[in-house]
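Taking it in order: structure first as structure tokens, then the write-up.
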Protein chains: 2
Amino acid sequence: MRHSTYECNKGCPVEATLEIIGGKWKGVILYHLLENTYRFGELRKMMPGITQHTLTKQLRELEGDNLVLRKIYAEVPPRVEYSLTERGESLREIILMMRDWGRVHLGL
Amino acid sequence: MRHSTYECNKGCPVEATLEIIGGKWKGVILYHLLENTYRFGELRKMMPGITQHTLTKQLRELEGDNLVLRKIYAEVPPRVEYSLTERGESLREIILMMRDWGRVHLGL
DNA sequence: TGACGTAGTATTAAAAAACATACTAATGCT
DNA sequence: AGCATTAGTATGTTTTTTAATACTACGTCA
């Protein structure tokens, strides 16, 4: 929670939700994780354009907001798998609606 | 359209939609305009924290993306009213879902 | 022994977003 | 004449976000 309740005005819930999923890459990360668990390197390949540094940071933030689960395997070379938590899963409908809106209204 | 179609990979529609509504204040602006037409000064009062400069900029971008209509009345002191276009209206469901998600999952 | 693969970290630089503050134009009102 | 009102613009600064590049650790395999 980034805002305390008592200073929350009407638009707050919208604002707060956007703070969580509104990063440049977060929506896309979540979208990919909707269909599968992926390793770090796989996600990177799916999002050409994002740097390793930024991907790490976004994933950590999503993990911090409890939307994404980070599972580390004690192997060499290292293996780390990312999946949605239950809370992340609860965003499915919203993410899919945004995808559909983009398709329809932006011709993508 | 910020992206050309042929370089669009799978997550693109989500990304593009978020680019349009994902600004710090845009979701909130749209949310308020869902219920009414408002003047510049009214919007400002509803969003304590945003500066005049930023509000102007966000509104211009929303106008540029054809989500918001800006109607100027030739009066003094000036009067400018902002309302949703049809395209902006088409985001209603998404915005409301984000509001609901925030209420439920962020306790707002 | 030394290169390979994976998931990072560290550091610095650049770009984008937001903020703070002051200023303007036009008219009506006193 | 001078002040109030509204929706801005202008300018400069700070903060946040993203990018670029180089580096690390560790076991495996040749």
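Each chain gets a letter, A, B and so on, in the order its sequence line appears, and its residues count up from 1. From a predicted model like this one, the values you see are computed outputs, not experimental measurements.
Per the geometry, CD belonging to B:Glu61 stands 15 Å off P belonging to D:dG8, to the nearest Å. When rounded to the nearest whole Å, the span between CD of A:Glu19 and P of D:dT16 equals 12 Å.
Residue-level contact check: A:Lys24 touches the backbone only, with heavy atoms under 4.0 Å from sugar-phosphate atoms and none from bases. Using a 4.0 Å heavy-atom criterion, one finds that B:Glu81 contacts no nucleic acid atom at all.
Looking at A:Arg92, its side chain does come within 3.5 Å of a backbone N or O of A:Leu34 through a donor-acceptor pair. Between the side chain of B:Arg87 and the main chain of A:His105, a donor-acceptor pair closer than 3.5 Å is present.
Scanning for ring-ring contact (aromatic ring centres under 6.0 Å, His included) contacts around A:Trp25 gives an empty result, with sequence neighbours left out. With sequence neighbours excluded, no residue forms a side-chain hydrogen bond (donor to acceptor under 3.5 Å, both in side chains) with A:Thr85.
Residue A:Glu93 places its CD atom among 12 or fewer non-hydrogen atoms of other residues, nucleotides or ligands, all under 6.0 Å distant. Enclosure of atom CD in A:Glu86 is not indicated, since only 12 or fewer non-hydrogen atoms of other residues, nucleotides or ligands lie within 6.0 angstrom.
Looking at heavy atoms from C-beta onward, A:Met97 lies out of side-chain contact with B:Thr17 at the 4.5 angstrom threshold. Looking at heavy atoms from C-beta onward, B:Trp101 lies in side-chain contact with A:Ile20 at the 4.5 angstrom threshold.
Annotation: proximity of residues 36-54 of chain B to DNA chain C (heavy atom, distance under 4.0 Å) is found for B:Gly49, B:Thr51, B:His53, B:Thr54, numbered in ascending order. For DNA chain C, the residues of residues 66-79 of chain B within the heavy-atom distance limit of 4.0 Å (strictly under) are B:Val76, sorted by number.
The existence of a salt bridge linking B:Lys45 and B:Glu42 is excluded, since no basic side-chain nitrogen approaches an acidic carboxylate oxygen closer than 4.0 Å.
When DNA chain C is scanned 5' to 3' for any atom under 4.0 Å from a heavy atom of chain B, the first and last hits are C:dA18 to C:dT27.
Evaluation of the ring-ring contact (aromatic ring centres under 6.0 Å, His included) test over residues 40-98 of chain B, restricted to residues two or more places apart or in two chains, returns none.
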